[in-house]
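The next block holds one structure in the form of structure tokens; read it before the comments.
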Amino acid sequence: MDMLWSGWGDPAKAAPLPETVTGLLRDWLGVKPRTAEPVALADIAVPEPGLEPVALQALSAAVGGEEHVRTDAESRIRHTRGKSTPDLIRMREGEVDDIPAAVVLPAGHDDVLAALRACAEHGLAVVPFGGGTSVVGGLAPARRGPFVALDLRRMDQLLALDPVSRTATLQPGLRAPHAEALLAEHGFTLGHFPQSFEWATIGGFAAARSSGQASAGYGRFDEMVLGLTVATPEGTLDTGRAPRSAAGPDLRQLVLGSEGAFGVITSVTLRIRPVPATRVYEGWRFDSFEAGAAALRRLAQDGPRPTVLRLSDETETLIGLAQPDAIGAAVDGQQSQGCTAIAGYEGTGEDTTYCRERASAVLRDCGGTPLGEEPGQRWMHGRYSAPYLRDSLLDAGAFVETLETATFWSRVPELYASVRDALSTTLTEAGTPPLVMCHISHVYENGASLYFTVVSAQGDEPVVHWEKAKHAANEAILAAGGTISHHHGVGIDHRDWYVREAGPLGIEALQAVKRRLDPQGLLNPGVLLPLD
């Protein structure tokens with residue numbers, strides 16, 4: 001099943017908003033109903049592919065036949081851009097000026113190499129395409145001229161599993177739910193559950209340095225990666241032959257987070273864990289975001305660390321976004337006050353009981369009030385619901401978008417205040433005063449990630465307004481000592497700030513790597529790195 005072309009995931013899951021919510025949007029933010037329906041897919045004017053017959057023949061030969069090279073309008077529309085809110089608004093208005101000329105579907109590593117050679121021969125840029133879930137412009141190349149979307153969906157196999165070493169080798173086009181199902185047959189899990197879980201792929205997780213909601217217990221995706229195979233226009237790059245090594249700089253780290261700019265990931269070897277026997281999730285209330293953050297820091301630094309640990313600020317708790325599937329439902333007064341934290345425990349029954357008891361003692365000592373398992377279970381049930389809620393909000397005439405960052409614990413208060421102020425000030429000046437919410441989504445011994453959600457009226461120029469607000473937020477992030485992205489990636493949207501974060505010499509070094517692996521600059525041009 002393909003994702004909704006003009007929204008997120010399965011359209012059946014985007015339920016209309018309750019009247020209570022639409023009333024709040026109208027009264028608080030001045031949201032007005034849409035005056036026009038989105039353009040229908042069949043009504044989008046799609047330009048001709050613009051590929052020479054000889055180029056199409058070369059691509060078909062590379063991937064085993066013309067049935068694996070698609071140039072029809074619908075296939076190309078479904079591979080246009082990603083799933084940021086500006087992407088969706090433009091798509092709903094029928095804007096497809098950056099549509100691929102063709103969609104190419106390789107079946108394996110050799111097919112990818114052959115397709116890259118064909119593209120190099122005919123001067124075609126290449127955008128690797130997994131689940132299509134990028135929200136930072138990672139699927140919209142800046143290079144002019146025709147390009148192809150290299151859809152990896154046929155590469156969806158579990159290639160190897162070593163139960164003794166607890167490793168698994170997976171192909172990049174394997175969607176996360178399918179990967180979990182294949183591993184579960186052998187009693188294992190990755191433990192990687194980001195909000196994009198239902199649609200994102202193994203290759204995408206690696207290419208964007210994904211971080212799952214259970215990262216406190218299982219770690220980030222890049223911490224799970226033991227080996228990578230990468231196809232480049234110049235040949236094959238194999239990285240990782242041991243769990244750890246002192247044999248020079250780790251080339252895996254060069255590929256992780258490279259977003260298709262250096263090559264196409266064709267297999268990933270990962271650390272796996274036994275499927276947990278017990279999962280327990282519960283809610284806690286803190287009087288303030290400051291108090292809740294202090295409690296999370298204490299657990300992250302001194303332990304015991306739960307598998308899942310997150311904290312919604314006062315606004316997010318009041319609105320109910322800590323439990324996205326409960327938006328608009330009656331919420332207990334106690335649970336809607338202060339800040340809601342979610343703590344989750346996974347493992348054996350003995351381990352989860354021990355960790356939960358000790359962590360609960362710490363949370364109580366830090367001023368936390370236990371809310372029982374219901375808030376935790378509701379969060380777990382609805383943890384993939386927020387993108388569907390966004391579709392419903394867009395349908396209702398609201399604008400909603402997210403951004404995230406990370407910093408050291410000592411800088412969290414300043415970063416939190418600076419980004420909220422930048423978003424609120426810029427959108428208010430544009431005539432669409434917003435509601436800005438935030439939660440701590442991932443914790444580490446030395447710092448944490450902040451994840452912001454912004455809701456406002458769409459106004460006359462929602463994309464223009466958001467670009468100004470995002471620019472201001474990005475400036476605030478760098479000024480407050482944050483990183484420009486914790487887990488969404490760089491893409492085109494963050495590229496100019498990534499250049500400043502990495503510094504001139506760092507960017508020049510990466511550009512030198514790209515020139516060696518991709519001499520013609522065909523791989524996702526303008527994404528991650530500026531064009532030469």
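All residue numbers refer to positions in the sequence shown, counting from 1. Note: hydrogens, waters and symmetry copies are ignored here, and every other heavy atom, side chains too, is used.
Looking at D72 and R70, no side-chain N of the basic residue comes within less than 4.0 Å of a carboxylate O on the acidic one, giving no salt bridge. Salt-bridge annotation for R78 and E74: present, with a side-chain N of the basic residue lying under 4.0 Å from a carboxylate O of the acidic one. A salt bridge between D97 and R90 is present, with a side-chain N of the basic residue lying under 4.0 Å from a carboxylate O of the acidic one. A salt bridge links R500 with E475: the closest approach of a Lys/Arg side-chain nitrogen to an acidic carboxylate oxygen falls below 4.0 angstrom.
Partners of H192 under the ring pair (Phe, Tyr, Trp, His ring centres under 6.0 Å) rule, at least two apart in sequence or in another chain, are F205, F221.
The neighbour count for E223 CD, taken as heavy atoms of other residues, nucleotides or ligands under 6.0 Å away, is above 12. Taking a 6.0 Å sphere around CD of E67, one finds it holds more than 12 heavy atoms contributed by other residues, nucleotides or ligands.
Using modelled atom types, one side-chain atom of E501 and one backbone atom of I484 make a donor-acceptor pair closer than 3.5 Å. A donor-acceptor pair under 3.5 Å links the side-chain atoms of R76 to the main chain of P100, judged by distance alone. Within the 3.5 Å criterion, the main-chain N or O of Q157 finds a donor-acceptor partner in the side chain of Q171. With E259 contributing its side chain and A207 its backbone, the two residues share no donor-acceptor pair below 3.5 Å. D87 places a side-chain N or O within 3.5 Å of a backbone atom of G82 that can act as its donor or acceptor partner. Looking only at distances, no side-chain donor or acceptor of R271 sits under 3.5 Å from a matching main-chain atom of L226. Using modelled atom types, no side-chain atom of T483 and backbone atom of A406 make a donor-acceptor pair closer than 3.5 Å. Checked by atom type and distance alone, the side chain of R175 pairs as donor or acceptor with a backbone atom of E198 at under 3.5 Å. Looking at R220, its side chain never comes within 3.5 Å of a backbone N or O of H487 through a donor-acceptor pair. A distance-only check finds a donor-acceptor pair linking the side chain of R154 to the backbone of L105 [under 3.5 Å].
A side-chain donor from one of E180 and T189 sits under 3.5 Å from a side-chain acceptor of the other. For the residue pair T22 / E19, a side-chain donor-acceptor distance below 3.5 Å is found, with atom types taken as modelled. Counting only N and O atoms by type, the side chains of S449 and H442 include no donor and acceptor under 3.5 Å apart. Residues T167 and T269 bring no donor and acceptor atom of their side chains to less than 3.5 Å of each other. No side-chain donor-acceptor contact under 3.5 Å links D156 and H178.
Close placement of the Y451 and H488 rings is indicated, their centers lying within 6.0 Å of each other.
Identified under the side-chain hydrogen bond (donor to acceptor under 3.5 Å, both in side chains) test for residues 511-528, with sequence neighbours left out: E234-R516, Q511-D532, K514-D518, R515-D532. Residue pairs meeting the side-chain hydrogen bond (donor to acceptor under 3.5 Å, both in side chains) criterion with at least one partner in residues 249-258, sequence neighbours excluded, are R209-Q253, D250-R252.
Using cut-offs of 30° and 60° for the angle between ring planes, the F399 and W466 rings count as tilted. The aromatic rings of W497 and H471 sit perpendicular to each other, their planes meeting at more than 60°, with 30° as the lower class boundary.
Using a 4.5 Å heavy-atom cutoff, the side chains of L88 and R81 are not in contact.
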